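In what follows, a structure is listed as structure tokens, so that the remarks can point back to it.
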Amino acid sequence: MSGSSEIFQNNNNPAVDFFLQQPDKSEYENLISSFFDASDDLVFILDKNGYFHFVNQSGLNDLGYSLDELRGKHFFSITNPEEKVKLSNAFQRILQFEGLVYFDCKLTSKLGNVITYDISAKALFGRGSINGMLSVAKNITKQHLLKERYTEILVKYTETERLLSIERNRLRQRKSVLEELNRLKSEFVSNISHEMRTPLASIIGFSETISSDPEMPVGMRKEFNEIIHSEGKRLAKLINDILDISKLESGEIELQRKEIDLVSVIKNAVHHADALASEKNITLRLTVEDQEVKIIGDEERLTQVFNCLLSNAIKFTKSGGRVTVMGQSLYKEYEIIISDTGIGIAQKDLPHIFEKFYRVSKYGNEIPGAGLGLVFSKQVIDLHKGLITVESEEDKGSTFVIKLPKRN
Ligand code: ADP
């Protein structure tokens, strides 16, 4: 093509005049036409207004038009309207630039088939001005379709990869959740066995001693029997606590909700703890308003919560200390504050004390308990749509705050 482009660049070139101004057949035109027809590509010439002036035989075969039909057509009339901006820019470059300009473009054949071409084009000059445009266009429809298919497959592949990686992560997470559950289960079983072993050892030990010594003094036998009885009760309490927690957790037992007076529930719990406090020489003080505070709740479960918090406060406070219970009405809630001047809880333990079997290990702290009371209390308060929080300082004391929604 380089020989022909030289011909077309030449001002006052007879070939240009011939092609653009004298459409009549002549030997020279036949020669040039045959030259272009020898190409498998679409070779076409547009006049300076963008109308087809010449199209080679291969191009006519591709597009399904005769040369006469195409001569009356504007180039844009067989292009894809969506490509108009892109093509206008390419034409602009052809007009401004003397060399070859490359672009791809979709042309619609007479039968409506869309053919994608890779075009190289340049302006034709005749008598000093642009006379038209010569283009050689390679049919790349197959490659284009393959490329589109490839892109489609690549998008699908990327999407599948993404979904697979999400699924892989999900499985990994599930595996770690299952491993954690398994760990918790083993921990739970080991804790429970440990908690049961102590009272069981006492029960077995003392009952064996009683039966192996028929001569045992009545007083000692009575004392051993009392130990067996209280250890048995401890065991029963532990089993009940575990059952309560698991039933509440699984939703097997629901709260028995009814309208109750929270103030009297608190007063009763404090009254109940009075004996325990005096036994340990601990001052137990209650400050609540005189009027009733109505809430919708489960009286029995709430009583268990206050009993647990009060017995903890007394259990972890030394003789001569103080336990204070205060109730006050807030805007939509009732707040109960249970404070003690006891041993307190270290900051590192505070976030864990509502976890099952968590007991603060403190040197010399032999106070019994399975570490389930606070778990149960939190569950009950949560089920009442309330809130339980704790603040504490070692050797200064602890303050548990419960907020429960009041009846509207
Ligand atoms: P436990 O039956 O062992 O008392 P809880 O769930 O009631 O179990 O309490 C868990 C742990 O939290 C206790 O073992 C204790 O270490 C700590 N704790 C709870 N209440 C108090 C308190 N008022 N003062 C100090 N420590 C407390």
Side-chain angles (χ1 to χ4, degrees), residues 184 187-188 190-199 230-249 266 269-270 272-274 276-277 279-286 301-326 336-383 386-402:
L184 286 174
E187 205 178 283
F188 182 81
S190 123
N191 277 324
I192 227 168
S193 318
H194 177 79
E195 289 304 324
M196 284 179 162
R197 205 178 295 132
T198 322
S230 77
E231 290 298 284
K233 268 171 58 182
R234 190 172 146 196
L235 206 54
K237 184 179 177 302
L238 175 68
I239 293 166
N240 282 339
D241 283 355
I242 293 166
L243 281 178
D244 269 357
I245 287 175
S246 72
K247 279 181 183 170
L248 274 177
E249 239 169 19
I266 299 165
V270 172
H272 182 81
D274 245 349
L276 210 61
E279 237 174 66
K280 260 189 97 176
N281 190 27
I282 287 171
T283 317
L284 178 59
R285 212 171 276 144
L286 169 70
R301 301 283 167 205
L302 286 173
T303 303
Q304 281 174 288
V305 171
F306 295 126
N307 285 346
C308 163
L309 294 182
L310 283 166
S311 79
N312 274 349
I314 295 166
K315 195 158 75 172
F316 296 106
T317 300
K318 289 188 190 111
S319 174
R322 255 177 299 116
V323 172
T324 319
V325 180
M326 224 181 79
I336 307 108
I337 304 167
I338 301 175
S339 305
D340 61 62
T341 55
I343 59 171
I345 303 162
Q347 294 304 306
K348 71 169 175 50
D349 292 313
L350 270 182
H352 304 288
I353 62 158
F354 293 106
E355 288 170 12
K356 268 181 221 150
F357 293 112
Y358 195 87
R359 300 190 60 231
V360 178
S361 46
K362 220 175 166 189
Y363 180 66
N365 174 13
E366 292 307 326
I367 301 168
L372 291 172
L374 290 180
V375 181
F376 172 82
S377 302
K378 183 167 168 13
Q379 271 178 357
V380 171
I381 298 300
D382 284 350
L383 287 170
L387 196 72
I388 177 165
T389 51
V390 58
E391 272 176 32
S392 188
E393 207 178 319
E394 261 186 299
D395 299 324
K396 291 243 165 93
S398 310
T399 302
F400 285 82
V401 179
I402 292 179

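Quick caveat: nothing in here was measured; it's all calculated off a predicted structure. Every number for a ligand or one of its atoms is a count from 1 in the order of the listing. If you read the sequence from its start, that first residue is 1, and numbering goes on from there.
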>> I'd like the name of whichever of Asp349, Asp340, Leu372 reaches closest to atom 23 (N) of ligand 1 through any heavy atom.
In response: Asp340
> For Ser311 and Leu276, which heavy atoms make the closest approach, and how far apart are they?
Replying inline: CB-CD2, 4.2 Å
> ligand 1 and Cys308, any nitrogen or oxygen pair closer than 3.5 angstrom?
Replying inline: no
> Would you say Thr317's side chain and Ile314's backbone share a donor-acceptor pair under 3.5 angstrom?
Replying inline: no
> Hey, which atoms in ligand 1 end up nearer than 4.0 Å to a heavy atom of Phe400?
Replying inline: 20 (N), 23 (N)
> So which bit of Leu374 gets within less than 4.0 Å of ligand 1, heavy atoms only: side chain, backbone, both or neither?
Replying inline: both
>> Quick one: does any side-chain atom of Thr341 pair with a main-chain N or O of Arg322 as donor and acceptor, under 3.5 Å?
In response: yes
>> Heavy-atom contact check, 4.0 Å cutoff: does Gly342 meet ligand 1?
In response: no
> Would you say the side-chain atoms of Lys378 pair up with the backbone N or O of Ile388, donor to acceptor, closer than 3.5 Å?
Replying inline: no
>> Quick check: Phe316 and ligand 1, any N/O pair under 3.5 Å apart?
In response: no
> Going from NZ on Lys318 to CG on Asn281, what distance comes out if it is rounded to the nearest 0.5 angstrom?
Replying inline: 14.0 Å
> Would you find a donor on one side and an acceptor on the other, under 3.5 Å apart, between the side chain of Gln347 and the backbone of Ser392?
Replying inline: yes
>> Check for me whether Phe376 has a heavy atom closer than 4.0 Å to any atom of ligand 1.
In response: no
